[in-house]
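Note that the numbering runs from 1 along the sequence shown for the chain.
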Amino acid sequence: MKTRQILLSVVATTCLFTSQVNATYSPSSNTSIDKTINLHAVEQDMQFLASDQRQGRSIGSQGILEAEDYIAAQFKSLGLKYYGNNESFKQKFQLHHFLPTEINVTLNNESIAKENLAFIGTAPTIDWNEQKVNVVSVSADDDIKEVMNNLNSQGDNALVLVHPNHAELFTRYQKSFQRGIKTTSQKQRSSLVLALTDLPKVTSLKVLAKVTQNKMNVANMVAVLPGTEKADEFIIFSAHHDHLGVKQNSNADKIYNGANDDASGVTAVLNLARHFSQTEHKRSIMFVTFTAEESGLIGSKYFTDFIDADKIKAMINIEMIGKASEFGAGKYWMTGFERSNLADIFNKNLKPNDSQVYADPYLKYGLFYRSDNASLAKLGVAAHSFSSTQISNDEDYHQASDDLASLDLAQMTDVIKSIAMGSKSLINGEDTPSKIELAEPKAPRLIY
């Protein structure tokens, strides 16, 4: 689709949507949650964001640009403000992708098969011999994870000889390294090369490898609704608008639409913005959709460089609310339930409606640190993710089948309404959740 056609499509959709929104959300109308958050608006957002035309919203793609333009248009229609020194609703930055492409390793004059090699780094070329590199052996009894973590925190070039007893973990590292490194920094870092071998000693070596660097222009979407009395205090509603794009697979459908993950969360943010733009709120509200969440929370990590964490009183991060939870349709759970008292505040606000937010029932998956809330939680902010998906048996997660047909948008609308009700006293400045206790700092990761 040509750029002009895309822009016309976004503008046309926005104009139609805005006229419908204005009819429902005029200041003189009844501003109850049932009128400001409705199934029609949810359907319209989801149909745009999760459409095949968006091609799965992978970072750097035309599809994600169209999604960002749509989000910006909705923010503009509501009269929201830019954040800080941003010149638009787009917080733009550049992402660097360092991708391993070629590698040849010779040990003791014997070539190592490609399937027994893995490497990661940002230097464009690797040209090592025994005088230029540290050789580290991982024996059959060693803890390969501990060795790799230590090397990662040291940041030195290293050739790692991995005993075949660790073949399974070696394969995991290999698959992970094949995806390369995505970072906002251009700084040249060291490289690690892994060879699966039972050689007891290396007398000579030659390592040759190449890494390609691609640059992508990406953006978080950030909008502010200023508060009346506590304008320097913020409540954040967030989600991520990126997904996995188009992939080769054995099925006819190769578009990973990311309807649940996380067009559903973005739709929630947009509908919460429409709702709260028609209510009184003493605190300022920030509506954020992050990019590059699927690449390692890169967008939210970048965002933290431009905020004062002490002014962020809570973050409600919304992840995958398109399916009914194990607690029932329209009900949802929160990660890190015991890490702050945010759930207590929500449940106090929800009690009159005989409702509640539940504790994360999937603790073994470590979900608290797997979404964008983690970037702010690490600063002490009461930042949690809210979800309804039964992640333990969700066959559509990170699959091409994560499309609109797999979702229940009516129950999703109920979840969004409940989140609006649950956060009412936060918005009004009546309640402030406790901060998250900061964990002991981990060793730095200097390579990957």
Side-chain angles (χ1 to χ4, degrees), residues 10-25 31 33-51 54 57 63-83 88-91 219-225 235-243 257-279 281 285-291 293 299 315-322 372 386-388 404 407 409-410 412-421 423 427:
V10 171
V11 170
T13 303
T14 300
C15 289
L16 174 62
F17 185 81
T18 301
S19 66
Q20 293 167 334
V21 167
N22 288 341
T24 304
Y25 305 109
T31 57
I33 288 177
D34 285 340
K35 288 195 174 184
T36 55
I37 299 174
N38 59 76
L39 179 59
H40 174 74
V42 167
E43 288 175 337
Q44 195 151 16
D45 290 334
M46 290 296 293
Q47 286 167 1
F48 187 92
L49 294 169
S51 165
R54 305 292 88 75
R57 307 186 310 277
I64 200 170
L65 291 177
E66 295 167 21
E68 290 166 357
D69 287 343
Y70 179 83
I71 295 165
Q74 306 313 311
F75 286 164
K76 182 178 180 180
S77 73
L78 297 172
L80 304 186
K81 308 299 182 184
Y82 303 151
Y83 174 66
S88 73
F89 293 118
K90 295 187 177 184
Q91 184 184 50
N220 295 321
M221 305 301 297
V222 188
V224 174
L225 190 59
I235 303 298
I236 294 178
F237 293 97
S238 66
H240 68 91
H241 60 266
D242 67 304
H243 195 56
N257 302 83
N260 198 28
D261 184 15
D262 190 26
S264 68
V266 175
T267 293
V269 170
L270 293 177
N271 281 274
L272 289 166
R274 292 171 191 136
H275 169 68
F276 285 117
S277 68
Q278 301 301 317
T279 66
H281 45 91
I285 311 173
M286 203 181 302
F287 304 98
V288 187
T289 70
F290 296 109
T291 190
E293 189 267 359
M315 178 190 194
I316 293 92
N317 185 58
I318 306 167
E319 269 270 19
M320 300 191 295
I321 58 169
D372 288 309
F386 293 71
S387 180
S388 66
L404 279 176
L407 305 187
L409 299 188
M412 175 177 153
T413 304
D414 288 341
V415 170
I416 300 171
K417 291 178 182 179
S418 181
I419 290 174
M421 288 186 284
S423 55
I427 303 302

- prompt: What are the two closest non-hydrogen atoms of I33 and A420, and how far apart are they?
  reply: CD1-CB, 4.0 Å
- prompt: Of all residues at least two apart in sequence or in a different chain, which pass the ring pair (Phe, Tyr, Trp, His ring centres under 6.0 Å) check with H241?
  reply: none
message: My understanding is that only residues two or more places apart in sequence, or in another chain, count here; which of them pass side chain to side chain donor-acceptor pair (under 3.5 Å) with S388?
response: none
task: Taking all heavy atoms of V288 and all of M286, pick out the closest pair and write down the distance.
output: CG2-CG, 3.8 Å
field: Sequence-distant partners of N257, side chain to side chain donor-acceptor pair (under 3.5 Å), two or more places apart
entry: D52
message: Is there a side chain to side chain contact (heavy atoms under 4.5 Å, CB included) between Q278 and K35? Walk through the geometry before answering.
response: CA-CA 11 Å; Q278 301 301 317; K35 288 195 174 184; over 6 Å; no
query: Looking at residues at least two apart in the chain, or sitting in another chain, which of them share a side chain to side chain donor-acceptor pair (under 3.5 Å) with S418?
result: Y332
task: Please report the closest heavy-atom contact between R274 and T36, naming both atoms and the distance.
output: CB-O, 4.4 Å
message: Once rounded to the nearest 0.5 Å, what's the spacing between atom CE of M315 and atom CZ of F386?
response: 11.0 Å
- prompt: Just by distance, do the side chain of T291 and the backbone of G299 share a donor-acceptor pair under 3.5 Å?
  reply: no
- prompt: Quick one: side-chain contact (heavy atoms from CB on, under 4.5 Å) partners of A263, sequence neighbours excluded?
  reply: M46, L49, A50, R57
query: Passes side chain to side chain contact (heavy atoms under 4.5 Å, CB included), D69 versus E66? Steps please.
result: CA-CA 5 Å; D69 287 343; E66 295 167 21; 5.7 Å; no
- request: Hey, could you give me the CG/CG distance between L39 and N271, rounded to the nearest 0.5 Å?
  value: 10.0 Å
task: Taking all non-hydrogen atoms of both residues into account, name the closest pair between I321 and A268 and its distance.
output: CD1-CB, 3.8 Å
query: Closest approach of K417 and I37, non-hydrogen atoms and distance?
result: CE-O, 3.0 Å
Test side chain to side chain contact (heavy atoms under 4.5 Å, CB included) applied to M412 and T267, step by step: CA-CA 10 Å; M412 175 177 153; T267 293; 3.7 Å; yes
- prompt: N260 and L407: side chain to side chain contact (heavy atoms under 4.5 Å, CB included), yes or no, with the steps?
  reply: CA-CA 7 Å; N260 198 28; L407 305 187; 3.7 Å; yes
- request: Just jot down the side chain to side chain donor-acceptor pair (under 3.5 Å) partners of D262, sequence neighbours excluded, or say none.
  value: none
- request: Not counting sequence neighbours, which residues clear side-chain contact (heavy atoms from CB on, under 4.5 Å) with L80? List them please.
  value: F75, L78, F89, A223, L225, A273, F287
message: Which residues pass the side-chain contact (heavy atoms from CB on, under 4.5 Å) test with S387, not counting sequence neighbours?
response: M320, W333, T389
message: Distance check, rounded to the nearest 0.5 Å: R54 atom CZ versus F48 atom CZ?
response: 4.0 Å
query: Short question: side chain of N220, backbone of Q91 - any donor-acceptor pair under 3.5 Å?
result: no
field: Distance, nearest 0.5 Å, that separates OG of S423 from CD1 of I316
entry: 5.5 Å
field: Spacing of D242 atom CG and T289 atom OG1 [to the nearest 0.5 Å]
entry: 9.0 Å
statement: Taken to the nearest 0.5 Å, the spacing of I416 CD1 from L272 CG works out to 6.5 Å
- prompt: What are the two closest heavy atoms between S238 and N317, and how far apart are they?
  reply: OG-OD1, 2.7 Å
